[in-house]
Amino acid sequence: MHPFISVGVVALPLTTAALAAQAPVTVTVSQDTLIATVTGFSGPEAVRYDPEQDVYFVGNFNGAGDAADNNGFISRLRADGKVENLRFIAGGAKGVTLHAPRGMFIVGDTLWAADVGALRGFNRRTGAPLATVDFAALEPGFLNDVAAGPDGALYVTDTPKNRIYKVAGLTPSVAVEDTSLGRPNGITWDASGNRFIVVPFGGRQALFGWRPGQSGLEVFATPPGGRYDGVEVLGDGRILVASQADSSLLIVERGQPRRVARTAGAPADIGFDSKRRRTAVPYIVLDRVDIFQLPE
């Protein structure tokens, strides 16, 4: 275990000025590593790629990211950067409760989204609400990202509480709580390493490996940047990480990091298009998503 106490409190960027209903959707295409820039979102915090439907889901705060205002929404974005449905799943419509969607994960036909005080499941094809996991009894801080483990359970990070929750049978519990998590933000399962990859938003510049049932953390890389948000396993042993401290994307291979792109602003929870080896990068305060081509 590598214990440390995070110094100070870094404020999460939780607000955005524009409303998606009023913003036009535009796409700018480049021949560079930047494939497309898509505007017209409202505080986009997270992206999840659905390879079967070949679309990205984009979670929008649409206001304060910590407010239970039921006006958040999830967009469907085509892989080429065209918005298919800006408000595919919208709080207050068709029986949907959705305040400010953050990290998302797909299990079967269910799109799970972390939200204010709850984890919510929706049909990834129709958008219909399917399930809600209420975290109120655990007094959560800021539920941030979600990933499935090999045990069939879902695991959710709580950034200010320095926790990772386990959700089994729609019942949440605290799997680990430790300041050494460094305000955990992104989480994803790394099958090749038989571990979760957890990236801290605060604390030291380090990427952690964590195995359910173990209290200890393994530091496997110390990349530049910091205030890490999204993380994706690329399927070839490499790990993609978004750094808000220096607005960059990094690839970690065999523990060695390298910057592969500079981003237009602070990158939030990225999505990975496994078919084209691209990543979609949301910027909360810019109300936009950029799509980058990743190096081989």
Side-chain angles (χ1 to χ4, degrees), residues 13-28 34-63 65 71-91 93 96 98-106 110-116 120-127 129 143-147 185-186 188 229-232 240 242 244 249 263-276 278-292:
L14 299 179
T15 60
T16 183
L19 294 176
Q22 300 172 344
V25 176
T26 60
V27 179
T28 303
L34 178 61
I35 301 299
T37 289
V38 190
T39 63
F41 298 104
S42 184
E45 198 281 337
V47 180
R48 172 59 55 182
Y49 178 67
D50 181 342
E52 186 174 341
Q53 298 188 92
D54 201 21
V55 297
Y56 295 105
F57 295 106
V58 182
N60 294 259
F61 282 167
N62 195 23
N71 71 350
F73 63 93
I74 296 173
S75 309
R76 279 177 62 106
L77 175 66
R78 283 175 21 189
D80 62 4
K82 301 293 176 58
V83 175
E84 187 176 281
N85 189 335
L86 186 63
R87 302 175 67 88
F88 173 60
I89 302 169
V96 169
L98 189 62
H99 304 303
R102 300 89 182 255
M104 295 173 285
F105 199 85
I106 296 171
T110 303
L111 172 68
W112 291 99
D115 195 11
V116 177
R120 307 190 192 278
F122 304 93
N123 186 293
R124 67 185 173 98
R125 301 181 188 278
T126 68
L143 303 181
N144 208 331
D145 199 11
V146 56
N185 195 333
T188 192
D229 198 321
V231 57
E232 291 276 2
L240 179 67
Q244 292 197 10
L249 301 177
T263 57
D269 191 353
I270 54 180
F272 173 54
D273 175 348
S274 53
K275 292 183 177 180
R276 300 168 186 83
R278 295 175 179 174
T279 185
V281 181
Y283 310 103
I284 299 172
V285 298
L286 298 181
D287 295 334
R288 91 186 216 195
V289 172
D290 284 348
I291 300 175
F292 289 88

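Please read these numbers as outputs of a predicted model, since none were measured by experiment. These numbers come from the heavy atoms of this one structure, side chains and all, not from hydrogens, waters or symmetry mates.
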Which pair of non-hydrogen atoms, one from [X] and one from [Y], has the smallest distance, and what is that distance?
X: Gly72; Y: Pro101; answer: CA-CD, 4.0 Å
X: Val231; Y: Gly186; answer: CG1-C, 3.7 Å
X: Pro129; Y: Phe122; answer: CA-CD2, 3.7 Å
X: Ala242; Y: Ala268; answer: CB-O, 3.8 Å
X: Phe73; Y: Ala90; answer: CB-CA, 3.9 Å
X: Ile74; Y: Ala113; answer: CD1-CB, 4.3 Å

Measure the spacing between [atom1] of [X] and [atom2] of [Y] and express it to the nearest 0.5 Å.
X: Arg87; Y: Leu98; atom1: CZ; atom2: CG; value: 10.0 Å
X: Gln53; Y: Leu111; atom1: CD; atom2: CG; value: 9.5 Å
X: Asp273; Y: Asp54; atom1: CG; atom2: CG; value: 6.5 Å
X: Leu86; Y: Phe41; atom1: CG; atom2: CZ; value: 6.5 Å
X: Ile270; Y: Ile291; atom1: CD1; atom2: CD1; value: 13.0 Å
X: Arg276; Y: Ile35; atom1: CZ; atom2: CD1; value: 10.5 Å

Check: [Y] main-chain N/O paired with [X] side-chain donor or acceptor under 3.5 Å:
X: Arg48; Y: Ile106; result: no
X: Thr110; Y: Asn123; result: no
X: Arg102; Y: Gly65; result: yes
X: Asp115; Y: Ala100; result: yes
X: Gln244; Y: Pro267; result: yes

Arg125 and Asp50: salt bridge (charged side-chain N to carboxylate O under 4.0 Å, His left out), yes or no, with the steps? CA-CA 10 Å; Arg125 301 181 188 278; Asp50 181 342; over 6 Å; no
Between Glu52 and Lys275, is the closest basic N to carboxylate O distance under 4.0 Å? no
Kindly write out the residues that satisfy ring-ring contact (aromatic ring centres under 6.0 Å, His included) with Tyr56, not counting sequence neighbours, or none if the list is empty. Tyr49
Partner residues of Phe272 under the ring-ring contact (aromatic ring centres under 6.0 Å, His included) criterion, sequence neighbours left out: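 Partners of Phe272 by the ring-ring contact (aromatic ring centres under 6.0 Å, His included) criterion come out as none, since no residue qualifies.
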Quick one: do Thr263 and Phe292 satisfy side-chain contact (heavy atoms from CB on, under 4.5 Å)? Show the steps, please. CA-CA 9 Å; Thr263 57; Phe292 289 88; 4.3 Å; yes
Could you please spell out the steps behind the side-chain contact (heavy atoms from CB on, under 4.5 Å) verdict for Ile89 and Arg76? CA-CA 9 Å; Ile89 302 169; Arg76 279 177 62 106; over 6 Å; no
Checking Asp269 now: which residues fulfil side-chain contact (heavy atoms from CB on, under 4.5 Å) with it, not counting sequence neighbours? Glu45, Ala46, Asp145, Asp229
Would you please say whether a donor-acceptor pair under 3.5 Å links the side chains of Asn60 and Ser75?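 Short answer, yes.
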Intermediate values then yes/no, side-chain contact (heavy atoms from CB on, under 4.5 Å), His99 and Arg120: CA-CA 10 Å; His99 304 303; Arg120 307 190 192 278; 3.6 Å; yes
